[in-house]
Amino acid sequence: MTEHDSDTPTDEAAEYDIARIQERWMARWEQTRPFATDDPSDTRPRKYVLDMFPYPSGDLHMGHAEAYTFGDIIARYWRQQGFNVLHPIGWDSFGLPAENAAIKRGTDPREWTYANIDQQLASMKRLAASFDWDRVLRTSDPEYYTWNQWLFLKLYEKGLAYRKASWVNWCPHDQTVLANEQVVDGRCERCDNLVTKKKLTQWYFKITDYADRLLDDLNQLEGSWPSKVITMQRNWIGRSTGADVDFVIEGRDEPVTVFTTRPDTLFGATFMVVAPDSELAAELAAGSTPEVQQAFAGYLAEVQRSNEIERQDTTREKTGVFLDRFAINPVNGERLPIWAADYVLADYGHGAIMAVPAHDQRDLDFALKFDLPVRVVVDTNAPVTGALPVITEEMLDAGAAEAAELDPVGTGTALSGDGRMINSGPLDGLSKANAITRVIELLEGAGTGRAAKTFRLRDWLISRQRYWGTPIPILHDAEGGEHPVPEDQLPVVLPPTDGLDLQPKGTSPLGAAVDWVSTTLPDGTPVTRDPDTMDTFVDSSWYFLRFLDPNDDTQAFDPAEAEKWAPVDQYVGGVTHAILHLLYARFITKVLFDLGYLTFTEPFTALLNQGMVIMNGSAMSKSRGNLVRLSDQLDEHGSDAVRLTMAFAGPPEDDIDWADVSPTGSAKFLARAWRISGEVTSSPDVEWKTGDVALRRQTHHLLAEAPGLVEAFKFNVVVARLMELVNAIRKTIDTGPGAGDAAVREAIEVVAVLLSLFAPYTAADMWERLGYESEVAFAGLRKPDATLLVEDSVTAIVQVDGKVRDKLEVSPTISADELEALARATAGAVRAVGDREIVNVIVRAPRLVNIATRG
RNA sequence: GCUCCCGUAGCCCAAUUGGCAGAGGCGGGCGACUUAAAAUCGCCGAAGUCUGAGUUCGAAUCUCAGCGGGAGCACCA
């Protein structure tokens, strides 16, 4: 076989041979690189279509194929619509699996990682993913992670990267810390082991400074991001508004501030609760009696022994200890006993609360358990009016009477609803909303409180005690001083693994690389490098900018290029990243905006979450024995059939059960379409107008409909329309005007052009067989002929009382009166109406008449 | 426990957004071609839209209640 053999056009009489077609075009595209995006003089409008880049763990699987198929359909569509489309790919190639594989095999993580990348890249090419192969990046390349370090230094300069000691999530299995986002149900997201707490000094990114903007800017994504993802982000950020209230503590100089969303119920506070694992609790206990100290110590030990799972169990009984200390309610001077209880969290709000058992279920549960007083201050039976009412004695008396029926203690249910304030001095008679406003005014006037908001979102912990990541570019001197590595000395390159023990042991393996760790400042001061590496989510928080020029060794990205291409017009990826990656990327984008590098504040204008590929109702896994290997599917059916099957299976957001779909059916359809392309006998310059009108109508309806369908991601419907059209062409050839008819050529050309989104190899081959040398990918969709979209006649349905009784063939421009007259006269209508009285006739010309009767 | 999404032929899914329930595919059946099979081609069933109420001239589509499935949140003051 000579090298020319594989580039011989397939014989028209030959059977559809997908393997041969695929091989031939893959080789050609390798030469012509049709999807490079590097011509600066290109004046076409731009689109940036981005797939979430993969982690290189083994070869691509069915899920990858699905995601990349959808992203590719969109990229090819916009290209076809005349856009200059940037559609890059890279690898998120730092991270634990590579390190674990290296430990297991006693090799370097680089070997495993880069071998997997090569394998995945080959599979992507086989899938005909139309990536710009000149822009490939790998986050584990020093050429990439040097800019992670640059980014870190920018955040450090802005005070957005800082080090602090605190209780962190610790995975005992992976021997590393985890961000809050990586703890799911108290377990390590990666290895599913129970997470414990450990006190460590670690680096954080101050994402909480951006909490308001991260929340508020979600509004501009409404409609172009899945609402599910927006909701998850909102929940995660978790903004609560209310007030901070200062309580004087007996025997303590400083007041204690608590956060509450219900400052209106301040008069109903009957005790205070502090988190047992807070410094405040320890201090308050230490200043109390020996008995209290002992009880507290016992309680604290008990609390710390329980794991996250137990702690989060909402059905569990309240526990706590009385500290024998008292706080003074700033609005009424009441003495409130202070308790330590683990239903109050140390790291939310101020780690202390005012307890209002009448109106908060958790406080009520606690009060009932420990027999603490309960005072109702909101009459939840009273009607609520918006305006500030004028209060009369009678109203207050009446309110007190109504309130007597309110019995949270008896019912065990807190009164959380709105109502009218009672037992609350100056707030009496007000609605909840008005009371909140008023009490904040009062507190602010007295200097004992203020409006406040709190977030569930915590700062982003980025230190990892592992080898295979970006070194943190900070030097530490003996006095504990921090010295950022100067920009011109970047990158801080990972040392070789030679002689390093990568085995997890709680401290970074880099600490053992003595020659690497020890260095000096320009003035000769000995310093040590920070031995930790960055969370890999740092890598992916800005990679979409690096694609603008992944080979630029002078800057992370060119702001001018960012202005041209970014933000990403369409992002495609799994919902698994709904919180973590997307939140971090949004944060870093805002930081870069504030630093003046970007002119936009949201990185991803539109987001498509594809579903999963499952098998027989459940996620594929080796242990379940239902694993379907992508490479097997590609071998068996060819890339085009696999891609088409993904597109046709249903809406892209839905899961695809591979047991429910038919790649052989897809292949059959492709063969049908391909065969027709060889039967056409007319030439490319045939006069379209001479073609069969019925087939032309169908073709042009599809031309009119397809763009809207693709843009709404209704790929399955487009494929169905293509099948219909192919069926119609078949019929036209076999039992109609025949293969020489102009409409046949026109229709199959449209099929080829649209099919190029889903089945690029087959479509390219069809296009060639139809006599074209150009790439079908750039052929573009013709404009539909408006005259072919207007029907000569339409079927009007005639209903009587909503039931179809007759049909009429009428002109599409028929008047309502005329249609009504025709409809009333139809045999079906006359029969159905009989001698009943016609009470109403609804006419929706030209499609429908409904005659409503009575009698 | 709270919130959101979804229930349409045996199966996967459409339905111009309130106007004839069916486009497409899978599977199944029948037939043509074949010595036969595969492939190919042609033809054909099948549901009244999870259940119940309501709004409407008209409901798969809107409202309420329930059943079933999925997702998110859940001691966050």
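Because only heavy atoms are used, hydrogens play no part in the values below, and waters and symmetry mates are left out as well, while side chains stay in.
Applying the 90° criterion around 0 to the glycosidic angle, B/U17 comes out syn. With its glycosidic angle within 90° of 0, B/G45 adopts the syn conformation. Applying the 90° cutoff around 0 to the glycosidic angle, B/G48 is assigned syn.
The listed nucleotides are B/A77, B/C41, B/C20; the one nearest the side chain of A/Q799 is B/C20. Closest to the A/V661 side chain, of the nucleotides B/C12, B/C26, B/A77, is B/C12. Which of B/A77, B/C12, B/G24 sits closest to the side chain of A/L345 comes down to B/A77. In this structure, of B/C43, B/C20, B/A14, it is B/C20 that holds the atom nearest to the side chain of A/I797. The listed nucleotides are B/C43, B/G19, B/C75; the one nearest the side chain of A/R316 is B/C75. Here the side chain of A/N850 is nearest to one of B/C26, B/G24, B/G58, namely B/G58. Closest to the A/P651 side chain, of the nucleotides B/A14, B/C20, B/C41, is B/A14. Set against B/C75, B/G24, B/A71, the side chain of A/Y343 has B/C75 as its closest nucleotide. Checking B/A77, B/A23, B/C13 against every side-chain atom of A/D654, the shortest atom distance belongs to B/C13. Among the nucleotides B/C75, B/A77, B/C41, the one closest to the side chain of A/R730 is B/C41.
Here B/U16 sits opposite no nucleotide as a Watson-Crick or G-U wobble pair (both hydrogen-bonding atom distances under 3.5 Å). In this structure, B/G1 and B/C73 make a Watson-Crick or G-U wobble pair, each of the two defining distances being under 3.5 angstrom. Here B/C26 sits opposite B/G10 as a Watson-Crick or G-U wobble pair (both hydrogen-bonding atom distances under 3.5 Å). Pair check for B/C41 finds B/G31; Watson-Crick or G-U wobble, both atom distances under 3.5 Å. The base-pairing partner of B/C64, taking Watson-Crick or G-U wobble contacts with both distances under 3.5 Å, is B/G52. With a cut-off of 3.5 Å on both Watson-Crick or G-U wobble distances, the partner of B/A46 is given as none.
Using a 4.0 Å cut-off, some side-chain N or O of A/N727 falls inside it from OP1 or OP2 of B/G25. Dashed line: the shortest gap from a side-chain N or O of A/R672 to OP1 or OP2 of B/C41 is under 4.0 Å. Considering only side-chain N and O atoms, A/R721 lies nowhere under 4.0 angstrom from the phosphate OP1 or OP2 of B/G25. For A/S227 and B/C5, the shortest distance from a side-chain N or O to OP1 or OP2 is not below 4.0 Å. Remark: A/N716 is not in phosphate contact with B/C12, judged by side-chain N or O atoms under 4.0 Å from OP1 or OP2. A sub-4.0 Å separation between OP1 or OP2 of B/A15 and a side-chain N or O of A/K714 is present. In this model, the phosphate group of B/C41 is approached by a side-chain N or O of A/R675 to a distance below 4.0 Å at OP1 or OP2. Proximity of A/K228 to the phosphate of B/C6: no side-chain N or O atom is located under 4.0 Å from OP1 or OP2.
With both ends at atom C1', the span from B/C50 to B/A59 equals 16 Å, rounded to whole Å. A gap of 15 Å separates the P atoms of B/C75 and B/G1, to the nearest Å. Taking the P atoms as reference points, B/U49 lies 22 Å from B/C5, given to the whole Å. Comparing the same atom, C1', in B/C13 and in B/G18 gives a spacing of 22 Å after rounding to whole Å. Across B/C33 and B/C43, the matching C1' atoms stand 15 Å from one another, rounded to whole Å. Separating the P atom of B/U3 from that of B/G48 is a span of 33 Å, rounded to the nearest Å. Taking the P atoms as reference points, B/C11 lies 15 Å from B/G28, given to the whole Å. Taking atom P in both B/A38 and B/G29, one finds a spacing of 12 Å when rounded to whole Å.
Mapping A/E724 and A/G238 onto RNA chain B by nearest heavy atom places A/E724 at the nucleotide closer to the 5' end. If A/D734 and A/V849 are placed on RNA chain B by their nearest nucleotide, the residue sitting closer to the 5' end is A/V849.
Checked by atom type, the side-chain pair A/S677/A/Y16 shows no donor-acceptor distance below 3.5 Å.
For an aromatic pair to be called close, the ring centres must be under 6.0 Å apart, and A/F70 with A/F715 satisfies this.
Classification of A/D342 and A/K318 as a salt-bridged pair fails, no side-chain N sitting under 4.0 Å from a carboxylate O. Between A/R730 and A/D734 a salt bridge is recorded (basic side-chain N to carboxylate O distance below 4.0 Å). With respect to A/E334 and A/R375, a salt bridge is recorded, a charged nitrogen being found less than 4.0 Å from a carboxylate O. A salt bridge links A/E820 and A/R824; the closest N-O separation between the charged side-chain nitrogens and carboxylate oxygens is under 4.0 Å.
Among the protein residues, A/T231 comes within range of no part of the nucleic acid, since none of its heavy atoms lies under 4.0 Å from any strand. Using a 4.0 Å heavy-atom distance criterion, A/V273 is classed as making no nucleic acid contact. Counting non-hydrogen atoms under 4.0 angstrom, A/K803 reaches nothing in the nucleic acid. Residue A/T454 is classed as having no contact, given no heavy-atom separation below 4.0 Å to the nucleic acid. Within 4.0 Å of A/R456, counting heavy atoms only, lies at least one base atom of the nucleic acid.
Atom CG in A/L819 sits about 15 Å away from atom C1' in B/C57, given to the nearest Å. Spacing between atom OH of A/Y348 and atom P of B/C75 amounts to 12 Å, rounded to whole angstrom units. When rounded to the nearest whole Å, the span between OH of A/Y16 and P of B/A38 equals 22 Å.
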Evaluate the ring-ring contact (aromatic ring centres under 6.0 Å, His included) criterion for residues A/F648 and A/F758: first the C-alpha distance (whole Å), next the side-chain angles of each, then the deciding distance (0.1 Å), finally the verdict.
CA-CA 9 Å; A/F648 185 54; A/F758 309 102; 9.7 Å; no
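Taking all atoms of both residues into account, the shortest heavy-atom contact from A/P357 to A/G268 is CD-O, 4.1 Å.
Between the base of B/C75 and the side chain of A/K318 there is a donor-acceptor pair shorter than 3.5 Å. Applying the 3.5 Å distance criterion, the base of B/C57 shares no donor-acceptor pair with the side chain of A/N840.
Around atom CZ of A/R456, more than 12 heavy atoms belonging to other residues, nucleotides or ligands sit under 6.0 Å away.
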